[in-house]
Student: 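Got a structure here, written out as structure tokens. Questions coming.
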Amino acid sequence: MTEVESAFALLAEPVQRQLYRMGWRELRQIQVDAIRAYLGSEEDALLITAETAAGKTEAAFLPVLSKAAAARPGSVRALYIGPLKALINDQMRRVEELCGYLELPVHRWHGDVAQSQKAALVAAPDGVVLITPESLESLLINRTRQLGTLFSRLQAVVIDELHAFLGSERGLHLASLLVRLRRYHEQPSRGFRMLGLSATIGDVEVARRFLMPDAPERVKVIKQGSSEGKVVQLRLHAYEVSKEQDATETDEEDEDDSEAFSMRRSAMGRLSADLVAHCDRKSALVFVNSKADLEMYADLCNEHCKQSGLPENFLVHHGSLAREHREDTEARMKGTPGLTTFCSSTLEMGIDIGNVSMVGQIGAPFSVASLKQRMGRSGRRDGEPRRLRMYVLVPKLEPNSSALERLPVELLRAVASVELMLSGWVEPPTPASTDLSTLVHQVISSIAECASLSALELYQRLCIEGPFRQIEKSLFSRVLRCLGAKDVVEQSPSGGLILGLEGERIRASKEFYAAFLGKVEVAVLYQGNKVGTLPIDILPQPGEFLMLAGKRWSVVEADFAHSAVQVVPARRRRRAKFAGSVADIHYRVHERMREILEEDSMPVYLASEAQRMLVEARKLAREAGLGQRRLVKVGEGSTLVLPWCGSKAQRTLATAFKMQGWTVIEHSVGLEVTAELSDVRSALRSLADRTLASEALAEHIQPKACRKFDELLDDELLDVGIAHDGLDYGSACEVARMLLIHPLYL
DNA sequence: GACCTGCTGCGGGGTG
């Protein structure tokens with residue numbers, strides 16, 4: 001018997017029959033490995049990592065369903081946890097199909113599922129449940145009495161798109177929920193088995209610790225062989241942005257308040273014209289870093305098609321669109337080949353939109369991990385390559401600006417990201433060690449679940465058994481005292497902790513269930529139909545223009561009482577404003593950018609204009625010593641610091657300099673400090689020998705409250721969190737030491 | 001200079 005045959009033989013008979021019916025002629029290697037690992041042992045957890053469309057879902061569910069088939073009803077047997085409702089809806093169909101010959105019901109449980117369906121599951125717990133972390137949270141506090149029957153014999157928990165949880169508030173939240181859920185198992189010490197699925201694991205050890213915190217070595221890693229990977233076709237195009245060209249090319253439709261935008265307008269036009277040619281009759285996804293730009297590119301491309309007599313084949317998909325519009329875009333992509341969708345991260349994960357033969361990325365990607373995910377959306381069919389085209393706008397080098405300002409940073413970052421992705425590297429997730437906001441969330445939720453808990457029990461559940469293990473007892477009691485002072489918790493006469501008035505109010509709100517902070521948004525309505533949403537704090541006024549859902553609008557009425565803005569179609573091409581912040585770049589990306597400046601070889605995937613710009617940038621860097629020198633004196637009383645150390649450590653350095661009373665200009669790579677070189681060196685020394693403490697730096701960070709429940713904590717507690725997770729103190733100290741011993745500092 | 005995610009329970013009134 002071959003390896004494949006013996007793995008197949010391990011599956012339950014109805015599962016085997018269903019595979020025959022579905023026309024499967026073989027199992028993929030990761031499926032064989034997963035079946036053997038899951039059905040061959042009773043305890044180990046599984047981490048299944050393979051490229052998109054390699055059959056990870058089936059690798060997990062074939063063995064999980066086979067085992068579940070033999071268990072008796074009366075309890076949910078397997079739980080699937082997904083990060084998106086849309087993904088759960090897609091996976092529901094796939095799991096139901098695999099269950100074709102099994103007598104196992106498959107249930108969805110998320111915010112869009114009818115109460116009646118939820119009630120049906122609670123009345124007869126059985127089968128497989130597909131759920132979001134937030135709905136699991138709601139089960140724990142709203143259905144406490146039923147948990148014992150629902151999950152008493154739960155066998156397996158499958159976490160899809162595991163990378164989306166690792167290192168985030170939502171991941172910490174989920175980790176806490178899973179520990180709390182285990183208490184309802186009839187054998188809590190054995191509990192259920194964990195399976196994690198992902199295409200983009202930056203650090204296997206972090207993933208292992210997430211799946212089995214007490215025994216990470218018992219997580220079996222099932223990895224797709226590298227030979228099974230796909231051929232990659234790459235091209236990177238660059239467009240120069242210059243003032244002179246735009247003065248002649250902007251027309252009345254393009255009036256915009258921002259000068260920065262009008263400068264970019266003609267380059268965006270050239271980029272769009274190329275894009276229309278590149279996407280010609282291909283199904284494509286084009287990722288854009290901002291929603292305002294995304295709408296602009298869709299409009300420019302459709303306009304281009306209209307003028308050339310081509311069909312207007314460009315659609316949009318992002319988080320500020322009405323759900324109906326997003327579902328319509330998904331359905332059209334699936335049903336009609338040859339369409340292109342401009343999207344944000346909404347389509348980064350596995351929502352089914354049919355086959356995509358090309359992926360575009362406008363602007364340098366936020367991270368290498370995100371670039372990898374995005375590229376994985378193309379070439380899903382066997383034998384088809386992955387095609388990726390990147391497009392970067394590069395400001396024209398102004399002769400009178402400084403050498404640092406003239407560096408084409410975004411082009412360098414795009415090249416560095418591609419190089420790192422091709423080398424197989426992606427950013428490792430960095431879980432927070434001291435996320436007190438999520439701790440507060442779980443304190444409130446745990447008390448709501450149990451009605452009353454002693455402080456010690458609470459500490460035991462969350463910080464000994466649960467995921468908040470780095471939080472010591474003294475810090476935990478400071479948090480509780482703070483919550484007590486704000487009426488969130490109070491001590492009952494019997495000594496247990498119960499929710500106070502404020503705590504009850506927070507817990508009763510429908511916003512409570514997520515651990516992350518949601519934006520306050522208002523609906524944009526046209527003739528009573530929802531087009532999308534805009535952030536409430538920068539809402540357009542009547543008479544102003546905006547683009548949304550691939551159309552141009554003007555605002556006729558802003559109705560705050562009903563949280564709505566009424567719009568009508570308009571001619572003007574004006575961008576809507578969405579709220580935003582700045583991304584953190586990993587130090588390895590900065591380091592690779594510097595190496596690219598220093599190297600001579602030309603990446604083969606650069607188009608000619610991009611090649612010319614890289615040659616120019618290398619010449620500039622060499623003349624100014626930007627790639628080699630770390631501390632550069634620039635005129636009297638001003639020093640350039642070039643650590644190439646990633647944004648978090650660079651921000652930590654900048655804070656240390658600001659504490660000296662100096663003015664610090666923070667560039668994306670490098671700092672300009674109003675201080676003499678010798679003074680900069682002595683400030684670096686106090687970091688290098690750690691006489692400047694992390695807590696002292698944290699005091700100077702503003703704003704302090706940025707996570708969801710930070711408002712319930714005092715500044716002192718927030719500083720503890722910032723010192724641990726908001727800054728990168730360890731790296732900054734290392735970088736300071738390196739800057740001091742670097743031979744080429746002048 | 002950014003992107004994304006998620007979400008009760010219950011009471012009252014109407015209909016078949």
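Note on naming: letters A, B, ... go to the chains in the order of the sequence lines (proteins, then strands), and numbering restarts at 1 for each one.
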Student: Is a salt bridge present between A:E502 and A:R505, judged by a nitrogen-to-oxygen distance below 4.0 Å?
Tutor: yes

Student: Return the value, rounded to whole Å, for the distance between atom CG of A:L166 and atom P of B:dT5.
Tutor: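 Answer to the nearest Å: 19 Å.
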
Student: B:dC4 phosphate, OP1 or OP2: any side-chain N/O from A:S344 under 4.0 angstrom?
Tutor: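 Yes.
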
Student: Going by salt bridge (Lys or Arg N to Asp or Glu O under 4.0 Å), name the residues that satisfy it together with A:R93, two or more places apart in sequence or in a different chain.
Tutor: A:D90

Student: In whole angstrom, give the distance that lies between atom CZ of A:R326 and atom P of B:dC4.
Tutor: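 Value for this atom pair: 8 Å.
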
Student: What nucleotide among B:dG1, B:dC3, B:dG6 has an atom nearest to a side-chain atom of A:S668?
Tutor: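 The answer is B:dG1.
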
Student: Atom CZ of A:R323 and atom P of B:dC4: how far apart are they, to the nearest Å?
Tutor: 17 Å

Student: How many Å lie between CG on A:L87 and C1' on B:dC4, as a whole number?
Tutor: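 It works out to 13 Å between those atoms.
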
Student: Quick one: which of B:dG1, B:dC3, B:dG6 gets closest to the side chain of A:N289?
Tutor: B:dG1

Student: Report all side-chain donor-acceptor pairs from residues 406-414 of chain A shorter than 3.5 Å, counting only partners two or more places apart or in another chain.
Tutor:
{"residue": "A:E410", "atom": "OE2", "partner": "A:A364", "partner atom": "N", "Å": "2.9"}
{"residue": "A:R413", "atom": "NH1", "partner": "A:P365", "partner atom": "O", "Å": "2.8"}

Student: Between A:L517 (CG) and B:dG6 (C1'), how many Å, whole number?
Tutor: 12 Å

Student: Stacking here means centres under 5.5 Å and planes under 30°; does A:F516 stack on B:dT5?
Tutor: yes

Student: Which part of the nucleic acid, if any, lies within reach of A:S370 when heavy atoms closer than 4.0 Å are counted: base, sugar-phosphate only, or nothing?
Tutor: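 No contact.
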
Student: Is the distance from OP1 or OP2 of B:dT8 to the nearest side-chain N or O of A:R505 less than 4.0 Å?
Tutor: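 False: A:R505 side-chain N/O out of range (4.0 Å or more) of B:dT8 OP1/OP2.
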
Student: Closer to the 5' end of DNA chain B via nearest nucleotide, is it A:R413 or A:D112?
Tutor: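 The residue mapped nearer the 5' terminus is A:R413.
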
Student: May I have the distance from A:E137 (atom CD) to B:dT5 (atom P), rounded to whole angstrom?
Tutor: 20 Å

Student: Which of the following nucleotides, B:dT8, B:dG1, B:dT5, is nearest to the side chain of A:L84?
Tutor: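 Nearest nucleotide to the side chain: B:dT5.
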
Student: Has A:K519 got a side-chain N or O lying under 4.0 Å from the OP1 or OP2 atom of B:dT5?
Tutor: no

Student: I need the CG-P distance between A:D293 and B:dA2, as an integer number of Å.
Tutor: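 Those two atoms, CG and P, are 9 Å apart.
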
Student: What's the CD-P distance between A:E511 and B:dT5, to the nearest Å?
Tutor: 16 Å

Student: Hey, does the side chain of A:D293 reach the backbone of A:S290 with a donor-acceptor pair shorter than 3.5 angstrom?
Tutor: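 No, because the side chain of A:D293 does not come within donor-acceptor range (under 3.5 Å) of the backbone of A:S290.
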
Student: Which nucleotide wins on minimum distance to the side chain of A:R170, given the candidates B:dT5, B:dA2, B:dT8?
Tutor: B:dT5

Student: For the side chain of A:K85, counting heavy atoms from C-beta on, which of B:dT8, B:dG6, B:dC3 is nearest?
Tutor: B:dG6

Student: Donor-acceptor check, side chain of A:R374 to backbone of A:A369, threshold 3.5 angstrom: yes or no?
Tutor: no

Student: Which donor-acceptor pairs under 3.5 Å do side chains of residues 169-177 of chain A form with protein atoms, sequence neighbours excluded?
Tutor:
{"residue": "A:R170", "atom": "NE", "partner": "A:E134", "partner atom": "OE2", "Å": "3.0"}
{"residue": "A:R170", "atom": "NH1", "partner": "A:P83", "partner atom": "O", "Å": "3.1"}
{"residue": "A:R170", "atom": "NH2", "partner": "A:P83", "partner atom": "O", "Å": "3.0"}
{"residue": "A:R170", "atom": "NH2", "partner": "A:E134", "partner atom": "OE1", "Å": "3.0"}
{"residue": "A:H173", "atom": "NE2", "partner": "A:E137", "partner atom": "OE1", "Å": "2.6"}
{"residue": "A:S176", "atom": "OG", "partner": "A:Q442", "partner atom": "OE1", "Å": "2.8"}

Student: Could you list the residues that satisfy salt bridge (Lys or Arg N to Asp or Glu O under 4.0 Å) with A:E427, not counting sequence neighbours?
Tutor: none

Student: Identify, with sequence neighbours excluded, every residue that meets salt bridge (Lys or Arg N to Asp or Glu O under 4.0 Å) alongside A:R143.
Tutor: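 By the salt bridge (Lys or Arg N to Asp or Glu O under 4.0 Å) rule, A:R143 matches no residue at all.
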
Student: Between A:S290 and A:H110, who's closer to the 5' end of DNA chain B by nearest nucleotide?
Tutor: A:S290

Student: Report each atom pair, protein N/O against N/O of nucleotides 9-16 of chain B, whose distance is under 3.5 angstrom.
Tutor:
{"residue": "B:dG9", "atom": "OP1", "partner": "A:N142", "partner atom": "ND2", "Å": "3.2"}

